[in-house]
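Side-chain atoms are counted along with the backbone in the values below, which use heavy atoms only and exclude waters and symmetry mates.
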Amino acid sequence: MKIFIVEDEAEICKELSVLLQKYGYACESSNDFAHITEHILKAEADLVLLDINLPYQDGYTICREIRMKSDIPIVVLTSRNTDFDELMSLNIGADDFISKPYNAQVLTARIQKILKRTYEARANSVLIHKGLTVNLLKATASYGDKETDLTKNELGILRLLIVSKGNVIPRDAIIDELWQSGEFIDENTLNVNIVRLRKKLSEIGAPDYLETKRGLGYRV
């Protein structure tokens, strides 16, 4: 996994890189603090270590900019150690707050915990079956290099069918599943959702993905 270090003190940046590399992480950083958010997003790192006191703009601004475009985990690592700084960091989207001077073992343990929690949750939010990838968090379905957005009902139908892949799911069971989500679904509404879902899957290259078993229900 890659960690992007946002730190203007060269010695501290080097020290962090050496430490994290010992734990098997790849590290990246940049001295172009005027465009640091762009560098962070372009790097496609798995976590950001972010100082608050920086040239051009502070870490709070950078954290906000990242959160507008990405949900990458952010750990604020700073010499500012007031309750206000910690609350501010967490309220604008940071996942953790650690004060300098830091304990190396505590820092790496917290990084490991955040990465495990974040990426295990993401792994569980992606369903893959017969070439189709469904992202439950983003509400999208992709096939090859094409992707389509899904409505809540379309996502619910696909999730239920993929989790039960190979088995025929009765129409009543699908309606019950969608009803439990807090929205009443009748037979006609289900038909409309199935037609729209089939159209979307066809548009991304999977026209025969959803199979109808007449008189019984659907399966994938």
Side-chain angles (χ1 to χ4, degrees), residues 1-4 23-26 41-48 66-74 93 95-96 109-220:
M1 285 188 161
K2 183 194 294 185
I3 296 177
F4 197 103
Y23 282 82
Y25 298 110
L41 297 173
K42 185 177 180 181
E44 297 185 341
D46 299 290
L47 183 141
V48 177
I66 295 172
R67 278 291 167 264
M68 290 175 65
K69 299 181 179 179
S70 174
D71 58 357
I72 182 175
I74 299 172
D95 296 86
D96 204 350
R110 289 197 183 183
I111 288 174
Q112 289 169 354
K113 183 176 180 180
I114 290 172
L115 287 172
K116 181 179 180 182
R117 181 182 67 214
T118 301
Y119 292 101
E120 279 186 353
R122 290 184 185 179
N124 293 333
S125 72
V126 175
L127 303 176
I128 302 174
H129 177 59
K130 293 170 63 175
L132 186 76
T133 299
V134 178
N135 190 308
L136 301 178
L137 292 180
K138 295 181 178 180
T140 60
S142 57
Y143 191 86
D145 59 352
K146 295 183 178 180
E147 183 177 273
T148 185
D149 292 326
L150 301 171
T151 65
K152 181 177 69 173
N153 289 339
E154 293 163 354
L155 183 66
I157 293 168
L158 265 184
R159 186 197 65 78
L160 180 60
L161 293 176
I162 293 177
V163 168
S164 307
K165 55 191 175 187
N167 297 320
V168 177
I169 305 300
R171 292 172 57 84
D172 288 346
I174 298 175
I175 291 173
D176 288 344
E177 176 72 13
L178 296 178
W179 180 80
Q180 289 174 9
S181 70
E183 182 178 351
F184 177 74
I185 307 294
D186 60 19
E187 285 275 346
N188 185 58
T189 303
L190 178 60
N191 292 339
V192 170
N193 278 273
I194 292 292
V195 169
R196 289 176 178 171
L197 179 56
R198 277 207 169 100
K199 182 180 179 181
K200 288 183 178 182
L201 294 177
S202 179
E203 289 173 348
I204 62 173
D208 302 317
Y209 186 79
L210 202 161
E211 179 184 354
T212 300
K213 300 297 289 184
R214 191 169 299 278
L216 295 174
Y218 306 95
R219 73 177 177 186
V220 296

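- Interatomic distance, Arg171 CZ to Ile174 CD1, rounded to the nearest 0.5 Å: 7.5 Å.
- Looking at every heavy atom in both residues, Pro170 comes nearest to Val168 through CD-O, 3.6 Å.
- At a threshold of 4.5 Å between non-hydrogen side-chain atoms, the residues Val195 and Lys199 do not count as touching.
- Using a 4.5 Å heavy-atom threshold, the side chains of Arg159 and Leu127 count as touching.
- With rounding to the nearest 0.5 Å, the separation of CD1 in Ile157 from CG in Leu190 is 5.5 Å.
- In this structure, Tyr25 and Leu115 have side chains that are in contact, with non-hydrogen atoms separated by less than 4.5 Å.
- Nearest heavy-atom pair, Tyr143 versus Ala206, reported as atom, atom and distance to 0.1 Å: CD1-CB, 3.9 Å.
- With rounding to the nearest 0.5 angstrom, the OG1 atom of Thr189 is 8.5 Å from the CD1 atom of Ile175.
- Counting heavy atoms from C-beta on, the side chains of Tyr209 and Ile162 come closer than 4.5 Å.
- Arg67 and Asp95 are joined by a salt bridge, as a carboxylate oxygen and a charged side-chain nitrogen come within less than 4.0 angstrom of each other.
- The two residues Pro73 and Tyr119 come nearest to each other via the heavy atoms CD-OH, 3.7 Å.
- Between the side chain of Lys200 and the main chain of Asp149, a donor-acceptor pair closer than 3.5 Å is present.
- Across all their heavy atoms, Ala43 and Phe4 have their closest contact at CB-CD1, 3.7 Å.
- Other residues, nucleotides and ligands contribute over 12 non-hydrogen atoms within 6.0 Å of the CZ atom of Arg198.
- The side-chain heavy atoms of Leu132 and Val220, taken from C-beta on, include no pair separated by under 4.5 Å.
- What you find for Leu160 and Ala173 is that their closest heavy atoms are CD2-O, 4.2 Å.
- The CG atom of Asp96 lies 9.0 Å from the CD1 atom of Ile111; values are rounded to the nearest 0.5 Å.
- The neighbour count for Glu147 CD, taken as heavy atoms of other residues, nucleotides or ligands under 6.0 Å away, is above 12.
- The closest side-chain heavy-atom distance from Arg219 to Lys213 is below 4.5 Å.
- Remark: side-chain polar atoms of Ser70 are not paired, donor with acceptor, to backbone N or O of Ile66 under 3.5 angstrom.
- Here the straight-line distance linking atom CD1 of Ile194 with atom OH of Tyr218 works out to 4.5 Å at 0.5 Å rounding.
- Annotation for Lys42: atom NZ does not count as buried by contact number, only 12 or fewer foreign heavy atoms lying within 6.0 Å.
- In this structure, CG on Asp46 lies 6.5 Å from CD1 on Ile72, to the nearest 0.5 angstrom.
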